[in-house]
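Following: one structure in structure tokens, then a few remarks.
Atom set for the values below is all heavy atoms of this structure, side chains included, hydrogens, waters and symmetry mates excluded. When a residue number appears, it is its place in the shown sequence, counting from 1.
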Amino acid sequence: MKMLLVTTALEETWQDSEHILFLGEWCKLYNQKLKWEKIDHSVAPFHWDDRKKFKKDYNYLKSFHNRLLIALTDTLNSHHNVEFSSRYWQILLDPWLMSYVSVLFDHWECIRMLFENGDINDIETILPNSLDNIKPPFSYVEFANELLLDEWHYVVFSKIIDKYYKDKCNILRINFTSSNKVVDDLSLYKKISWKRSIVNFYDYCAGKFIRKSKVVFLVPYFKLLTFIKINFIIGQIPRFFRNEFSFNNKSMKINCNEYEKSGRKEVVINMQTQSLFEEFVCSEILENIPSTLIEKYKILSDYVGNINIQTKVIITANSHWGDPVAKAWMAEQTNNKVKLIIAEHGGSFPAYKELFNFEENISDYKITWFKPYHKKHIRLPPSKLVSIAGWWTNKAWNHPLRSSCSIIGHEIPRYVTRAMFYPMASQGKSVFDLTMKFYENLSADIKKHVLVKPNKDCGWNSRSRFNDLLGKDRVGPAVSMSLSSIFFRSKIIVCTYPETTFSEAMASGVPTILFYSKEFNERNEVVNPLLKVLIESKIVFHDPIEAAFHLNSVWHNPFQWWNSSKVINARSEFMNSALDLDKNWANKWKLFLDSVT
């Protein structure tokens with residue numbers, strides 16, 4: 001039977017065929033359902049459904065990433081005529097490098113296993129006439145946005161097939177131009193609300209007089225009042241450093257052409273490769289590395305060199321991910337022996353392994369929500385939630401406005417964005433399916449009170465799926481509501497993934513349950529004792545049907561279950577292990593900050 005291999009959801013790569021073989025579920029957009037439902041098609045299995053393979057691949061990718069980091073350290077030092085450490089360059093390269101090697105390996109394996117392990121005959125596919133359609137991203141943020149679109153993935157899949165497997169299939173060609181627009185802009189705060197304008201004006205004025213801070217907080221996730229409090233407690237005037245880390249600053253009128261004379265064609269990577277995949281990565285990586293590390297590097301380096309801030313410690317919750325200016329400044333400061341401390345901006349049950357230890361590698365300490373399990377971990381009350389520290393009580397009470405069974409949805413990108421022990425790519429559909437299985441087994445009375453808050457759309461279009469299956473009255477009202485508003489009106493909260501939202505729900509005091517796929521959400525072994533307690537107390541489930549049956553049994557009066565001694569003990573154990581909401585949070589933070597300054 002003649003088959004057409006389709007690698008993405010781009011319809012221009014589809015054509016009439018006896019049978020279409022979709023490379024993954026990501027090819028089947030929900031808003032294209034009427035089209036692909038009519039096509040005779042099948043979907044290739046996702047290679048990382050095999051969790052033994054994934055664990056093995058994760059360890060390999062971590063090792064390969066570290067080897068690449070060493071090679072790129074030499075490459076970038078040579079190209080820019082500097083001598084910085086691998087830690088300096090990892091602050092700048094990751095999480096882009098971590099994500100890049102994971103995505104390329106996933107795409108490589110999807111194609112390799114299809115052609116080498118599959119029983120495929122008489123297959124054809126459609127590739128672009130030109131394979132030079134990918135422009136380097138400006139920074140990690142632009143790269144992450146590109147990964148949500150089909151064009152980038154189509155070109156990568158096509159390159160792998162064209163270079164390594166074109167003898168395995170009949171190739172048709174089309175003219176294809178990527179519609180991806182890479183934002184080449186150093187502005188970080190384009191859209192400024194009036195509240196932020198006031199904060200920026202205050203910070204601008206404060207910055208005229210205050211150049212020295214014991215601790216520099218960069219997007220630390222404190223609420224405003226708690227942020228002010230922690231600054232005063234450690235004896236410094238609060239600063240936000242918006243002006244220093246925004247290229248909107250009028251002083252940044254630089255002729256970029258002066259800095260871009262040396263192009264990336266001159267950059268060479270010297271690395272001993274051990275496989276065809278590694279050869280492929282080394283042939284592609286210098287064309288894809290963000291421009292902030294090649295063409296725009298000197299702009300950033302010169303700019304951060306003129307940032308006049310003296311400090312002993314930098315604390316950030318996410319600037320080390322996507323803020324190219326802050327990353328460049330932090331890298332320079334760590335080179336000058338300033339301590340870098342990363343504070344988790346969310347948490348619940350730590351994953352089996354995570355991020356190739358990127359955050360532990362670049363930091364001096366990492367502030368965690370869960371009890372420490374790494375030598376660099378320090379547990380403190382989470383900056384995101386200390387504003388409610390001391391309010392938590394192990395007793396919950398009924399309220400006439402609390403009538404909803406609030407289901408907090410979860411959605412992941414259609415394509416792999418990094419190797420992680422959470423659902424990835426095609427597995428994302430299983431998250432929605434589990435949620436629907438839970439709903440279908442609820443009693444008729446509970447269904448009348450269900451309110452679903454979908455996560456932001458990452459390509460699976462969960463909101464439309466829920467609308468079509470449950471009705472807009474079950475979804476629409478929650479879309480624009482904050483989590484705190486949802487929690488306030490909830491009789492019971494249902495979480496569908498073992499992350500930050502579950503911690504926030506537990507902190508609210510409202511009766512809460514969690515169900516998730518154990519298969520695709522492997523947790524770190526340090527979590528096992530706590531999970532055992534929560535499962536026995538019927539707070540955590542791995543089977544959505546069991547979760548629904550439990551909810552059916554307690555719906556009439558969930559507080560009888562929630563306030564039972566066994567459940568109160570389980571909830572207290574969660575706080576002891578995973579969520580420190582001590583009312584003396586400020587003293588704990590002060591003691592730690594005093595010790596590092």
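Between H542 atom NE2 and L434 atom CG the span is 11.5 Å, to the nearest 0.5 Å. To the nearest 0.5 angstrom, D74 atom CG is 14.5 Å from H79 atom NE2. Atom-to-atom distance recorded for K327:NZ and I362:CD1 is 6.5 Å, nearest 0.5 angstrom. Rounded to the nearest 0.5 angstrom, N129 CG and N175 CG are separated by 4.5 Å. For the atom pair CG (N270) and OG1 (T75), the distance works out to 6.0 Å, reported to the nearest 0.5 Å. Between the CD atom in E354 and the CE atom in M420 there is a gap of 9.0 Å [rounded to 0.5 Å].
No donor-acceptor contact under 3.5 angstrom links the side chains of E279 and Q274, judged on distance only. Side-chain contact, E525 with Y352: no donor N or O sits under 3.5 Å from an acceptor N or O. Side-chain atoms of S464 and N467 include no donor-acceptor pair closer than 3.5 Å. Between the side chains of N521 and Y497, not a single donor N or O lies within less than 3.5 Å of an accepting N or O.
Residue K166 qualifies as open at atom NZ: its count of foreign heavy atoms under 6.0 Å is 12 or below. No more than 12 heavy-atom neighbours from other residues, nucleotides or ligands sit within 6.0 angstrom of NE2 on H345.
Figure legend: cation-pi geometry between K353 and F421 absent, as NZ or CZ is not positioned both under 6.0 Å from the six-membered ring centre and within 45° of its axis.
Using a 4.0 Å cut-off between charged side-chain N and carboxylate O, K159 and E284 make a salt bridge. A salt bridge does not link E37 with K28: every distance from a Lys NZ or Arg NE/NH1/NH2 to an Asp or Glu carboxylate oxygen is 4.0 Å or more. Ion pair E359/K366 flagged as a salt bridge, since at least one NZ, NE, NH1 or NH2 atom sits closer than 4.0 Å to an Asp/Glu carboxylate oxygen. Under the 4.0 Å criterion applied to side-chain N and carboxylate O atoms, E116 and K168 are not assigned as salt-bridge partners. A salt bridge links R264 with E295: at least one charged nitrogen is closer than 4.0 Å to a carboxylate oxygen. Using a 4.0 Å cut-off between charged nitrogen and carboxylate oxygen, R414 and D457 do not count as a salt-bridge pair. In summary, K437 and E546 do not engage in a salt bridge, as defined by a charged side-chain N under 4.0 Å from a carboxylate O.
When the options F438, Y439, F466, Y30 are evaluated for a ring pair (Phe, Tyr, Trp, His ring centres under 6.0 Å) with F432, the one that passes is F466. With respect to W152, the ring pair (Phe, Tyr, Trp, His ring centres under 6.0 Å) criterion is satisfied by exactly one of F143, F157, Y415: F143. Of the residues listed (Y58, F277, F105), the one engaging F64 in a ring pair (Phe, Tyr, Trp, His ring centres under 6.0 Å) is F277, and it is the only one.
Within the 6.0 Å centre-distance limit, the rings of Y164 and W108 are counted as a close aromatic pair. In this structure, the ring of H19 has its center no less than 6.0 angstrom from the ring center of H41. For F515 and F541, the gap between ring centers reaches or exceeds 6.0 Å. The aromatic ring centres of W48 and Y422 sit 6.0 Å or more apart.
M436 places a side-chain heavy atom less than 4.5 Å from the side chain of E440. Between T500 and S348, the closest side-chain pair of non-hydrogen atoms is not below 4.5 Å.
Ring-plane geometry between W26 and F46 is classed as perpendicular, the angle between the planes exceeding 60 degrees on a 0 to 90 degree scale with a lower cut at 30.
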